[in-house]
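Sequence lines set the chain letters: A, B, ... in the order given, protein chains first and strands last, and positions in each chain run from 1.
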Amino acid sequence: MRISQQLTTTLREVPRESEGVNQELLVRAGFVRQLTSGVYSFLPLGNRVIQKISTIVREEMNRAGSQEVIMPVIQPRDIWEVKPADGGPSRAEGVDVLFNLKDRKGRNMVLGPTHEEVVTLLAKEFVRSYRDLPQLVYQIQVKLRDEPRPRGGLLRTREFLMKDLYSFDANEEGMDKSYRAISQAYNAIFNRCGLRFIVIQADSGAIGGKDSQEFIAITDAGEDDAVECDTCGYAANTEKAEFVRSELAQEPEAALEEVHTPNATSIEDLAAFLNISAAKTMKVVCYGAGGKMILATVRGDLDVNEVKLTNALRRAGIPSSDLHLATAEELQRAGIVAGFTSPLDKGKDIFIMADTSLKSGNNFVAGANRVDYHVKNVNYPRDFRVDAWEDIASAYDGARCANCGGTLHVVRGSELGHIFKLGTRYSIPFGATFLDAQGNEQPLLMGCYGIGIGRLMAIAVEQSHDEKGIIWPFGIAPYQLALVGLDLDKGDNGQLAEQLYQDLQAAGIEVLFDDRIESAGVKFNDADLLGLPLRAVLSKRSLKNGGIELKLRSQKESRIVPLAEAVQVIQHEIQQGLKQD
RNA sequence: CGGGGUGUGGCGCAGUUGGUAGCGCGCCUGGUUUGGGACCAGGAGGUCCGCAGUUCGAGUCUGCGCACCCCGACCA
């Protein structure tokens, strides 16, 4: 491709609405343009990156035994109103990002935010027997979610390109096998795309299901926090991460004692006022869930993790999908004084869930359920009841790894891919069944596996750029080589550059030829901004020195390569580059 | 949905006490340049986000909208 003919302009100045590195560079370099909040056009350069990524994804999905399909963007709303097997809210109720519309007959439709429902209906239609299984189908398509707040440039958009794969199996072993196969494929994909990432144990969130892994690209621009062990490599979402509670010395139990603590409504205030460490206090947080009042209590140096709490409550048999901080009204009805909440003297109508951290240490300070008063020397089981002991506290930077005792570190990242075992969550309510070898009707076991293609492109930019511009990994660069022609109107330079361009193309090298009449500075700066991994300069000077100047975008030094060897050397560099991604 | 900010040529911005719009970059013509965003000369390009007011007169003042961005809530 010749730059002179490409539908692209680079911008010298940072666009005003710039939302961070990926957006700024992708817009300035002419890869994408924003149409409206969270909605982007992909210009020819951006499209080539998307195609590169998609090709890698297709190759790995096909290798894993999957088949590609296209599913509808427009879907009838009623498939979103199907109640799940556990009687919880339908997805239309649980999800507030649906784009709703009506067709001309007034029928309610949605723009598909994902395709579990549609694909389950397909499986219902085509899978009859265990002999038809397993099935792995995938799509690479635009999905739409009316996000409350798009942000981060291409990291979180309302219209986005996503690869989703859905697996259907006859039994747990099959589902596990599919899950492992796709997990492996994901590692291959992200490696080929030249990304730095970690794989973490994740919470499956509102989508439901059992095992779940997230592939997190490490970048400060991300929205997700994970913890990683510096010793054993254990990595998990902070909402799921297990850690060892620090040990506190056991003191002889002392008698309860009420103390006046004016205005000490927070743990920090309280600890400072009494001159004790936060770990010597009890933090009690009140929630409502399933129509019950829940007291969640953790040691004062920790925080309640609502995701863990939700899951723990479910294990305790309390419907928790509506978990919320207790309202003032609910507190009043339960006779609880906010800010001075006490675990003492609670009736059976209040469910008390305690974090295991409270098993270490004693003589805690807790609220007195009376404004401006706390109680000292609170001890279990002498002074309060616990209905369930669970892990309900958030992991933190520096916590001890539950796996090996090493130290957990918080890392910031962005979710590249997420894989789930869904089990029968969709197959049961949609009646997607098959006949097993004994002739019994069984629900299909499903898994789902997503990759944000556009987000992957944005993350690549976040992970690989400098002050001059993007530095594309070889695997997903729009072109592998920038051929910069200078002095094209001098002597036979123009002809030589033209010939080299033709030869490179004939050799199958993806080359972007800067054939414009521009000053050297403009061309070099644009080449750096676009970020093609290899740059070849053909100029009066380079010819005098014996050929072309060849340089990696990631490095400073160039070297002279004789014209006659140029194609071969460039080919070799690209092979090397692809290997190293 | 709360809090804050911004809307003026393609892009980035300025615009005084209200007097009919300007700068830089980019673009087009011609010439001079030619290794890290060159120079000279000429030129094209504007419903000043929209609507309604105030005024002899509104980019500027008032009201109501709309859009975009940031912080938070949310995030399959």
Sugar-phosphate only, base, or nothing, as touched by A:Glu549 at under 4.0 Å among non-hydrogen atoms: base
Salt bridge flag under 4.0 Å for residues A:Arg91 and A:Glu116: yes
Sugar-phosphate only, base, or nothing, as touched by A:Lys143 at under 4.0 Å among non-hydrogen atoms: nothing
Base B:G24 paired with A:Glu13 side chain (donor-acceptor, <3.5 Å): yes
Sugar-phosphate, base or nothing in reach of A:Arg535, heavy atoms under 4.0 Å: base
Sidechain N-carboxylate O distance under 4.0 Å for A:Asp220, A:Arg412: no
Touch class at under 4.0 angstrom, heavy-atom based, for A:Arg33 against every strand present: nothing
Residue-phosphate contact under 4.0 Å: A:Ser37 side-chain N/O, B:A67 OP1/OP2: no
Side-chain donor-acceptor contact under 3.5 Å, A:Asn493 with A:Lys540: no
Carboxylate-amine/guanidinium contact A:Arg58 A:Glu68, below 4.0 Å: yes
Sugar-phosphate, base or nothing in reach of A:Lys523, heavy atoms under 4.0 Å: nothing
Nearest-nucleotide comparison on RNA chain B, the residue closer to the 5′ end among A:Glu223 and A:Arg516: A:Arg516
Which nucleotide in B:U34, B:A38, B:C70 has an atom nearest any side-chain atom of A:Lys490: B:U34
Candidates B:C75, B:G37, B:C68 - which lies nearest the side chain of A:Thr36: B:C68
Short side-chain N/O contact to B:A38 OP1/OP2 from A:Ser519, under 4.0 Å: yes
A:Arg145 (side chain) and B:C75 (base): donor-acceptor pair under 3.5 Å: no
